[in-house]
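As the structure is a computational prediction, the values presented were derived from the model and not from experiment. Proteins come first, then strands; the chains are lettered A, B, ... in the order of their sequence lines, and each starts at number 1.
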Amino acid sequence: MPELPEVEGVVRSLAPAASGRTIRDIAVSDTIIKSKSEAKEAILKNISPEEFAGRMRGMTITDVTRRSKYIYFHLRKDGDTHLLVSHLGMSGAWFAVNEMDEVKEEKFRRHIHVIFGMEDGGLLAYADIRRFGELRLIGAESDHPPLLAMAPEPFDDSAAGHFLDLCKTSKYAGKPIKETIMDGKVISGCGNIYATEALFRTGIHPGRKTGRISLKRLGLLFAEIRQVLGEAIEAGGSSISDYRNINGEAGGMQDRLRMYGRQYCPACGTATKRMTIAGRTSVYCPKCQH
DNA sequence: TGAGCGATCCGGCGGC
DNA sequence: TGCCGCCGGATCGCT
């Protein structure tokens, strides 16, 4: 499942592959057309397949950037700028190819839902096995308020202060620390995998109340989150279940995860425990994490 | 007013 | 082997 480092990997390869190219036509899968006809919001948000295709036609992709776990396609047509916001959900993937059969893995090829045909003849394809991802065409970030509510990028200078300030508020002080750090308004792009890892590395129990952790430890936790995210970006992301970059390649970070998905603590050998926090499974070592 | 919960987008997979 | 139920990012709407 793609988190911030995986999305960063996609953007780093997508930006040079897509920038400067103009979209000639759009194909939307029958599956999505059917879902949308049943009034579901499958992948295409707040727009019909026909309107999406009509508006995207003729758009030039000027740049591709990342904000938290969102991919921003910066677009221009007739002198106006637009933004296509892509979230990969659980299992989304982009592929830049010349023919669809260049998408080697059957499980992705079977679930290609949107294809951008480029004026130069190439293709940009969005595949999504579970259809939890989204494509949202807007004018600018301000058209979709949740985008404006996101925490600063974790590598920004302001991110640590933002995190520590919110930890002190009554809203977050009573919540389990894992729920706090996975809230995108508190820290951008820290999902289950990297939250689990950073908590293990700092010896903090995922269920500990945020307000019961010293500012010093919270500062160390934030630094560790940033460290883990940075390591994962360098390793090309973690390919837990369905992450692939635009060339269909998996990342290598999963081999370096020390707690996520583990049965035994790599530090002391104790059997790991799991608990549900904010509806998600959390793994931790009952001996090393307090 | 806002916190909290359930529903919603689904296919894959573990378990029986 | 087939079917049921669980899982999960993020948002939204209801209580």
Atom [atom1] of [X] to atom [atom2] of [N]: distance rounded to whole Å?
X	N	atom1	atom2	result
A/I43	B/dG11	CD1	C1'	12 Å
A/E6	C/dG8	CD	C1'	15 Å
A/R280	C/dA10	CZ	C1'	8 Å
A/Y126	B/dC9	OH	P	16 Å
A/M90	C/dC6	CE	P	17 Å

Of A/K45 and A/H111, whose nearest nucleotide on DNA chain B comes first from the 5' end?
-> A/K45
When you check the phosphate oxygens OP1 and OP2 of B/dG12, does a side-chain N or O of A/R130 lie under 4.0 Å from one of them?
-> no
Cluster overlap A/L75 with A/I26, hydrophobic side-chain contacts below 4.5 Å = yes
Kindly confirm whether the side-chain ring of A/F132 is stacked on the base of B/dC10, judged by centres under 5.5 Å and planes under 30°.
-> no
Going by the angle between their ring planes, with limits at 30° and 60°, are [X] and [Y] parallel, tilted or perpendicular?
X	Y	answer
A/F116	A/F73	perpendicular
A/H74	A/Y72	perpendicular
A/Y284	A/H205	tilted

Taking only nitrogen or oxygen atoms into account, show me every contact under 3.5 Å that the protein makes with nucleotides 4-7 of chain B, one pair per line with its distance.
from  : atom 1 : to     : atom 2 : distance (Å)
B/dG4 : OP2    : A/K175 : NZ     : 3.4

Taking A/R226 for its side chain and A/P154 for its backbone only, find out whether a donor-acceptor pair lies under 3.5 Å.
-> yes
Taking only N/O atoms, report every protein-nucleotides 11-15 of chain C pair under 3.5 Å with atom names and distance.
from   : atom 1 : to    : atom 2 : distance (Å)
C/dT11 : OP1    : A/Y70 : OH     : 3.0

Apply salt bridge (Lys or Arg N to Asp or Glu O under 4.0 Å) to the pair A/R67 and A/E153, showing each step before the final yes or no.
-> CA-CA 7 Å; A/R67 175 74 175 93; A/E153 283 298 307; 2.9 Å; yes
Out of C/dG8, C/dA10, B/dC10, which nucleotide sits closest to the side chain of A/N192?
-> C/dG8
For the pair A/E234 and A/R256, find out whether any cationic side-chain nitrogen is under 4.0 Å from an anionic carboxylate oxygen.
-> no
If you measure from the Lys or Arg side-chain nitrogens to the Asp or Glu carboxylate oxygens, is any gap between A/E224 and A/R201 under 4.0 Å?
-> yes
